[in-house]
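The block underneath contains the structure these notes are about, expressed in structure tokens.
Naming: A, B, ... by sequence-line order, numbering from 1 per chain.
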Amino acid sequence: MADTMQGLKRTGYCGTFRGSQVGTRVVVAGFVQKIRDKGSLIFVDLRDRTGILQLVFDDATPKELLQKAATVRSEFVLMAAGTLRERASKNPEIPTGDVELFVDDLRILSKAQTPPFEITDQTNVKEDLRLKYRYLDLRRAEMQQTLFLRHKIVKAARDYYDKNGFLEVETPILIKSTPEGARDYLVPSRVHAGEFYALPQSPQLFKQLLMLSGYDRYMQIARCFRDEDLRADRQPEFTQIDVEMSFVDEDDVMTINEGFIAEVFKNVLDVDVKASFRRIPYHEAMNRYGSDKPDTRFGLELVDLTDILKSCEFKAFSGAIETGSVRAINVKGGATALTRKELDKLVEFVKTYKAKGLAYTRISVEGESSSFEKFLTEDEKNAIRKAVDAQTGDVILVVADADNNVVFDSLGALRGNLAAKLNLIPENSFDFLWVVDFPLFEYDPEENRYAAKHHPFTSPKLDEIDKIETDPANTHARAYDMVLNGCEIGGGSIRISNPELQQRMFTALGLDEATAKERFGFLLEAFAYGVPPHGGMAFGLDRLVMLMLGKTSIRDVIAFPKVQNASDLMTDCPSPVDKKNLDELHIAVQKNSD
RNA sequence: GGCCUGGUAGUUCAGUUGGUUAGAACGCUAGCCUGUCACGCUAGAGGUCGAGGGUUCGAGUCCCUUCCAGGUCGCCA
């Protein structure tokens, strides 16, 4: 039977004691980090969320207590009372290294099995094991620091938006399914046979309705759900800092949210962020970086060679140009770093982005050895070298494709790959920017129609409204994404606040009036009762925390994350349910049969 | 759904051309140890080599299937 806490009250956290407190009587509690048993001298490192305090038992300790101390093992939960004293030999490595607790009352509150992995700060234990025993993984100081900082970030968000007049309102988790966009998680209704709720992909429509209801400024730390495949920076459930404002234009929304970023970086990391982030139009971002979320911490910008190669003899280039383009990256001084083998790897790399290949040439001293320049005229060669500012020792990488998206995707990804490989990314730099002037629509070849690039409630540019019917491909949105170090950390838009325009937008997206009414009728109806112009944005909290803390996986900043197949290794969910439950929900499950 | 990488002791890993009884470090257990803090010394336990099938005289190693995990493309309004 384990001991109880009876008669003892904790007086302080382990990691807080200092030399100035020598002589005081203290009671501490926590987990056993480490035992060093030297026979008649026993040290126990006791750990809580603040750090470690050394407990000591020696020849002045009653024999029974010494024997009890010798039975202690890793991760036992202890409470210990005694007198704080100065150490005979100090440990400058830890904050409490000058003191130790000479214990006269030891309570073993809970014994512990040997954990499946050591609870140490530095770990290289495989992640699936850590996730199966997440409650043990979360004991590690590194994880505890992460969750403390995440808490500070969330608190900074609530404080900042509160200070600026925003009201936090909870929106529902069980909502109407809207098939536009990502796949919904569905929840069957017991009361309504054959009908379903959906979990929100975002509180989008509710926050717009709150503007219509006159709340003027709303924010929420909102849980969102998307039933899509996972990535290193994507979980099926994630948290947004969700913001909406009335009577605003793009500048208002961007300014207030830049302010939040500046404040949270200052409060949490003590990093000064210069407000008024630069703004890059979508087309410029694509042309220069091949991405709508460019990493601007390094160069390697794309150069358009299309005009130069329009009538060249090389079919791989000229053929692509009819509908697509030829673009290049000049890797300055890359000739030594990029061996033939490395270059071949890059060729394979761009193929994963559907590029047919990667042409390259190394600008060497004695002329050149090239995979493609032999097909070009002297004029074309010289024009290329001039366009990319080629000098001896450079490597020029070229992608040509009939589909511009392939050129952008592959070269955009190649930029990041090269920057990492060549160590071009400065450490501890936070480079913010806005990407603006997004296209309103994106053509979906599978469905043979235009789809909203952002979402169907995003307003077109005011002077382009009529183009949504006449020239959808060249209509731009009042949308903006905040980008940090090549990662989209937030995005938003000025919304449509006019029922007729909203209906026109639905029509342009291929939703007939009846379908639009069935899906979004409540919104159109609400709009009939007076709606302020409004807009907002949402930050991906998990990604923000990840970037602020320099983590590479979103799982590292979530207490209980899911793994790549969207299951939870600790609770083993999802899992089958009883037939009785299914019957109540009017659901029949089809067994998978091969 | 596609592609790539990995799975050997509790953990992290090594394991040669297919060849004797599969090793190391840490952890764990026991004993000794009065100033440790990566404690030390001695001894010990611990393995379905992810699973199934195949080739072979012989498989951790080769082949097939499959499971698990990671990365990525598609997907993510």
Checklist entry - In terms of side-chain heavy atoms, does Asp481(A) have a donor or acceptor partner in Tyr282(A) at a distance below 3.5 Å? => result no
Item to check | Sugar-phosphate, base or nothing in reach of Arg130(A), heavy atoms under 4.0 Å | outcome: nothing
Item to check | Side-chain donor-acceptor contact under 3.5 Å, Asp184(A) with Gln201(A) | outcome: yes
Checklist entry - If you measure from the P atom in G52(B) to the same atom in U61(B), how many Å do you get, rounded? => result 12 Å
Next on the checklist: If you go through the side-chain atoms of Glu228(A), does one of them form a donor-acceptor pair with the base of G74(B) closer than 3.5 Å?
Outcome noted: no
Checklist entry - Can Thr515(A) and Asp512(A) be counted as having a side-chain donor-acceptor contact under 3.5 angstrom? => result yes
For a quick test of your reading: what N or O donor-acceptor pairs under 3.5 Å do the side chains of residues 564-573 of chain A make, sequence neighbours left out?
| residue | atom | partner | partner atom | Å |
| --- | --- | --- | --- | --- |
| Asn565(A) | OD1 | Ser567(A) | N | 3.2 |
| Asn565(A) | OD1 | Ser567(A) | OG | 2.7 |
| Asp568(A) | OD1 | Met570(A) | N | 2.8 |
| Asp568(A) | OD2 | Thr571(A) | OG1 | 3.0 |

Next on the checklist: Closest approach to the side chain of Phe117(A), judged atom by atom: which nucleotide of G70(B), U11(B), C37(B) is it?
Outcome noted: U11(B)
Checklist entry - Below 3.5 Å, does any donor atom in the side chain of Asp128(A) face an acceptor in the base of G70(B), or the other way round? => result no
Checklist outcome for this item: Scanning all shown strands, the Watson-Crick or wobble mate of G6(B) with both distances under 3.5 Å is C68(B)
Next on the checklist: Strictly below 4.0 Å: does Arg231(A) bring a side-chain N or O up to OP1 or OP2 of C73(B)?
Outcome noted: yes
Next on the checklist: Let's test this: given Watson-Crick or G-U wobble pairing with both distances under 3.5 Å, identify the partner of A24(B).
Outcome noted: U12(B)
Next on the checklist: Taking pairing as Watson-Crick or G-U wobble with both contacts under 3.5 Å, can you name the mate of C49(B), or confirm there isn't one?
Outcome noted: none
Checklist entry - Can you check the Lys345(A) NZ to C4(B) P distance for me, whole Å? => result 16 Å
Next on the checklist: Is it the case that C37(B) (base atoms only) and Lys34(A) (side chain only) share a donor and an acceptor within less than 3.5 Å, ignoring hydrogens and angles?
Outcome noted: no
Checklist entry - Which nucleotide, in any strand shown, forms a Watson-Crick or G-U wobble pair with U17(B), with both distances under 3.5 Å? => result none
Next on the checklist: Just to be sure I understand the rule, does Phe457(A) reach a base, reach only the sugar-phosphate, or reach nothing, if contact means heavy atoms closer than 4.0 Å?
Outcome noted: nothing
Item to check | Length of the CG-C1' vector between Asn565(A) and G71(B), whole Å | outcome: 14 Å
Next on the checklist: My understanding is that a pair needs two contacts under 3.5 Å, Watson-Crick or G-U wobble. By that rule, which nucleotide pairs with C37(B)?
Outcome noted: none
Next on the checklist: Go through it in stages, so that I can follow the logic: the residues are Gln220(A) and Thr171(A), the test is side-chain hydrogen bond (donor to acceptor under 3.5 Å, both in side chains), and I'd like the CA-CA distance, side-chain angles, deciding distance and then a yes or no.
Outcome noted: CA-CA 8 Å; Gln220(A) 183 182 192; Thr171(A) 54; 3.0 Å; yes
Checklist entry - Stacking here means centres under 5.5 Å and planes under 30°; does Phe43(A) stack on U36(B)? => result yes
Checklist entry - Given atom CD of Glu100(A) and atom C1' of U36(B), what is their separation to the nearest angstrom? => result 10 Å
Checklist entry - Arg183(A) CZ to G74(B) P: how many Å, rounded? => result 14 Å
Item to check | Distance-only side-chain donor-acceptor flag, Thr83(A) / Arg85(A), under 3.5 Å | outcome: no
Checklist entry - Just checking Arg87(A): base, sugar-phosphate only, or nothing, at a heavy-atom cut-off of under 4.0 Å? => result base
Checklist entry - Which part of the nucleic acid, if any, lies within contact of Asp227(A), taking any heavy atom under 4.0 Å across all strands shown: a base, the sugar-phosphate backbone alone, or nothing? => result nothing
Checklist entry - Just by distance, with hydrogens left out, do Arg223(A) and Thr239(A) show a side-chain donor and acceptor under 3.5 Å apart? => result yes
Checklist entry - When all nucleic acid strands are considered with a 4.0 Å heavy-atom cut-off, which category describes Ala452(A): base, sugar-phosphate, or nothing? => result sugar-phosphate
Next on the checklist: Mind checking if Lys90(A) touches a base, just sugar-phosphate, or nothing, with heavy atoms under 4.0 Å?
Outcome noted: base
Checklist entry - Heavy atoms under 4.0 Å, any strand shown: does Thr178(A) hit a base, just sugar-phosphate, or nothing? => result nothing
Next on the checklist: Using a heavy-atom cut-off of 4.0 Å across all strands, would you classify Arg495(A) as base, sugar-phosphate, or nothing?
Outcome noted: nothing
Checklist entry - How is Asp229(A) classified with respect to the nucleic acid when contacts are heavy atoms under 4.0 Å: base, sugar-phosphate, or nothing? => result base
Checklist entry - Within the structure shown, what part of the strands sits under 4.0 Å from Leu569(A) by heavy-atom distance: base, sugar-phosphate, or nothing? => result sugar-phosphate
Next on the checklist: Does Arg226(A) contact C76(B) through a side-chain donor or acceptor facing the base, at a distance under 3.5 Å?
Outcome noted: no
Checklist entry - How would you label the contact of Ile42(A) with the nucleic acid (heavy atoms, under 4.0 Å): base, sugar-phosphate, or nothing? => result nothing
Checklist entry - Any donor-acceptor pair under 3.5 Å joining the side chain of Arg36(A) to the base of C33(B)? => result no
Next on the checklist: Whether the side chain of Gln564(A) and the base of G71(B) hold a donor-acceptor pair under 3.5 Å is what I'd like checked.
Outcome noted: yes
Checklist entry - Is a donor-acceptor pair below 3.5 Å formed from side chain Ser89(A) to base C37(B), judging by atom type as modelled? => result yes
Next on the checklist: Under 4.0 Å, counting only non-hydrogen atoms across every strand here, what does Glu118(A) touch: a base, just sugar-phosphate, or nothing?
Outcome noted: sugar-phosphate
